[in-house]
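Report on the structure given below.
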There are 2 protein chains.
Amino acid sequence: MSAIQKNVESASEQYSSTFTQGHLALPPAKKYLVLTCMDARIDPARAFGIELGDAHVIRNAGASAIDALRSIVISEQLLGTNEIILVKHTGCGMLTFENEDAYGVVEKNLGAEAVAELKAKNLDFLPFPKLEEAVEKDVEFLKASKLVPESVTISGWVYEVETGKTRRVV
Amino acid sequence: MSAIQKNVESASEQYSSTFTQGHLALPPAKKYLVLTCMDARIDPARAFGIELGDAHVIRNAGASAIDALRSIVISEQLLGTNEIILVKHTGCGMLTFENEDAYGVVEKNLGAEAVAELKAKNLDFLPFPKLEEAVEKDVEFLKASKLVPESVTISGWVYEVETGKTRRVV
């Protein structure tokens, strides 16, 4: 067992020993979802004030709305959420490369077969050059999608990894 | 401003007022990533023992490895992680429907144009009928992918929403 796996086991033992929230229902109690980045420096529950059971939390590289669409449709259409809090962040890795750079790294590290798999899946890494603009574009994408009805409230935010602050953009 | 948005602002004010971790680096310090479900009943940081700055956390509907592949490749190839902790959970919404059910709900709630958008994007909701089997299949998918080198350690787990426990499957 790896050190990381051991850590999961010991954390679980500790967490479950005082766990009292086994009664929570499947649909989010406060009917909203948070979409943010996978970045290691973000703790959504504490930074954005999410109580256990209240909201879906979707995380991917860059908090991409395009990448999250499957989960968003499930959250809204099958589990009744009607508000989206979209949070990108300062210092995001997605600001630092373009698709061809990532394809180049994959080719160098993993070889031609891996690049062929990327191409077969038509994989777009969805990097973005400007932070605030990317927040606006993702909110626009969601508002334009027929899969997100007008009744859904959508706002776009930036979390500052330097200060721990979250500020609204749109 | 909605009540949810107000809650983000007040939580942020509180969190940032005592924030002391603005120095953390972009790459995860412990070089691992956790892939889990967007479910509102999961707090990965506490349940799985993730300290701020240590690991990427990817979350989508059902903790789908297929859906997460873009983020996983970025995490490993561009940000140096080399271990995956994949955690699905009891009581998952993805156990309760099939693709045609979800397509039917979208058609009923949002109409034919929305279904056309689903079809144009070739959107698979990726539900699964059996929990442990789905964990095994996703681990196999990652091990078979040329985009995940053999040097990456992968384990599959189940989080129990009833008890707060996380147990290893594979």
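Sequence lines set the chain letters: A, B, ... in the order given, protein chains first and strands last, and positions in each chain run from 1. These numbers come from a predicted model, not from an experiment. We use all heavy atoms of the structure for the numbers below, so side chains are in, but hydrogens, waters and symmetry mates are not.
- Comparing A:Asp67, A:Asp54, A:Thr36 by heavy-atom pairs within less than 4.5 Å of chain B, the highest count is held by A:Asp67.
- Across every non-hydrogen atom of A:Ala61 and B:Arg70, the tightest pair is O-NH2, 2.7 Å.
- If you chain together hydrophobic residues whose side chains sit under 4.5 Å apart, B:Leu95 and B:Val87 never meet in one group.
- Looking at heavy atoms from C-beta onward, B:Ile74 lies in side-chain contact with A:Met94 at the 4.5 angstrom threshold.
- Panel note: side chain A:Ser71, backbone B:Asn60; no donor-acceptor pair is recorded below 3.5 Å.
- Interface residue A:Glu83: only side-chain heavy atoms are found under 4.5 Å from chain B.
- A pairwise comparison of heavy atoms in B:Leu78 and A:Ala102 identifies CD1-CB, 4.3 Å as the closest pair.
- The distance from the OG atom of A:Ser10 to the CZ atom of B:Phe48 is 13.5 Å, given to the nearest 0.5 Å.
- Taking A:Ser75, A:Pro27, A:Ala114 one by one and counting their heavy-atom pairs under 4.5 Å with chain B, the maximum is reached by A:Ala114.
- Only the backbone of B:Asp124 comes within contact range of chain A, with at least one heavy atom under 4.5 Å from a heavy atom of that chain.
- Chosen from A:Gly53, A:Ser155, A:Ala45, A:Ala29, the residue pairing most often with chain B at heavy-atom distances under 4.5 Å is A:Gly53.
- The residue among B:Phe97, B:Tyr159, B:Trp157 with the most heavy atom pairs within less than 4.5 Å of chain A is B:Trp157.
- Contacts with chain B were tallied for A:Pro127, A:Ala40, A:Gly22; A:Ala40 has the most, counting heavy-atom pairs under 4.5 Å.
- Residue B:Leu33: no heavy atom, backbone or side chain, is found under 4.5 Å from chain A.
- The environment of CD in A:Glu100 is crowded: more than 12 heavy-atom neighbours from other residues, nucleotides or ligands sit within 6.0 Å.
- Of all heavy-atom pairs between A:Gly49 and B:Asn7, the closest is O-ND2, 3.0 Å.
- Within a 6.0 Å sphere centred on CD of A:Gln5, heavy atoms belonging to other residues, nucleotides or ligands number more than 12.
- Both B:Leu142 and B:Phe128 are part of a single hydrophobic cluster, where members link through side-chain heavy atoms under 4.5 Å apart.
- Hydrophobic cluster membership differs between A:Leu131 and A:Val161, with clusters built from Ile, Leu, Val, Met, Phe, Trp and Tyr side chains linked at under 4.5 angstrom.
- Only the side chain of B:Thr153 comes within contact range of chain A, with at least one heavy atom under 4.5 Å from a heavy atom of that chain.
- Here the side chain of A:Glu117 pairs a donor or acceptor atom with the backbone of B:Lys146 at under 3.5 angstrom.
- For the pair B:Lys165/A:Tyr15, no side-chain contact is recorded, criterion being any heavy-atom separation below 4.5 Å from C-beta on.
- In this structure, chain B has a heavy atom under 4.5 Å from the backbone of A:Ala25, while its side chain stays farther away.
- Contacts between B:Val105 and chain A at a heavy-atom distance below 4.5 Å involve backbone atoms as well as side-chain atoms.
- Interatomic distance, B:Glu160 CD to A:Ser12 OG, rounded to the nearest 0.5 Å: 8.0 Å.
- A:Val57 has its side chain within reach of B:Arg59: a pair of non-hydrogen atoms, C-beta onward, lies under 4.5 Å apart.
- When all heavy atoms of A:Glu162 and B:Phe19 are compared, the closest pair comes out as O-CE2, 3.8 Å.
- The closest side-chain heavy-atom distance from A:Val8 to B:Ile85 is below 4.5 Å.
- For the pair A:Asp39 (side chain) and B:His56 (backbone), a donor-acceptor distance under 3.5 Å is absent.
- Contact count against chain A (heavy-atom pairs under 4.5 Å) is highest for B:Ala55 among B:Ala55, B:Cys37, B:Pro44, B:Pro28.
- Between the OG1 atom of B:Thr163 and the CD atom of A:Gln21 there is a distance of 12.5 Å, given to the nearest 0.5 Å.
- Interface check for chain B: of the options A:Val34, A:Leu110, A:Ile58, A:Thr96, the most heavy-atom pairs under 4.5 Å are formed by A:Leu110.
- Neither the backbone nor the side chain of A:Lys31 has a heavy atom closer than 4.5 Å to any heavy atom of chain B.
- Closest approach of A:Leu26 and B:Gly91 over heavy atoms only: CD1-O, 3.8 Å.
- By number of non-hydrogen pairs under 4.5 angstrom with chain A, the leading residue of B:Thr166, B:Ile4, B:Ile42, B:Asp43 is B:Ile4.
- Of the atoms belonging to B:Ala47, heavy atoms from both backbone and side chain fall under 4.5 Å from chain A.
- For the pair A:Arg41 (side chain) and B:Leu52 (backbone), a donor-acceptor distance under 3.5 Å is absent.
- Highest contact tally toward chain B, considering only A:Leu123, A:Ile72, A:Val115, A:Val148, is held by A:Leu123 [criterion: heavy-atom pairs under 4.5 Å].
- For the pair B:Met1 and A:Arg168, the minimum side-chain heavy-atom distance is below 4.5 Å.
- Going from atom CD of A:Glu113 over to atom OG of B:Ser145 covers 10.5 Å, rounded to the nearest 0.5 Å.
- Looking at B:Ser17, neither its backbone nor its side chain comes within 4.5 Å of chain A, counting heavy atoms on both sides.
- Counting only heavy atoms from C-beta outward, the side chains of B:Phe125 and A:Val73 approach each other to under 4.5 Å.
- Distance CG/A:Leu147 to CG/B:Leu118: 4.5 Å, rounded to 0.5 Å.
- Here the CZ-CD distance, from A:Arg46 to B:Gln14, works out to 10.0 Å after rounding to the nearest 0.5 Å.
- The same ILVMFWY cluster, assembled from side-chain heavy atoms under 4.5 Å apart, contains both A:Leu69 and A:Leu35.
- Neither the backbone nor the side chain of B:Ala116 comes within contact range of chain A; no heavy atom of the residue lies under 4.5 Å from a heavy atom of that chain.
- Heavy-atom pairs under 4.5 Å with chain A peak, among B:Ser2, B:Ala11, B:Ser16, B:Gly111, at B:Ser16.
- When the side chains of ILVMFWY residues are joined at heavy-atom separations under 4.5 Å, either directly or via intervening members, A:Val158 and A:Ile50 end up in two distinct hydrophobic clusters.
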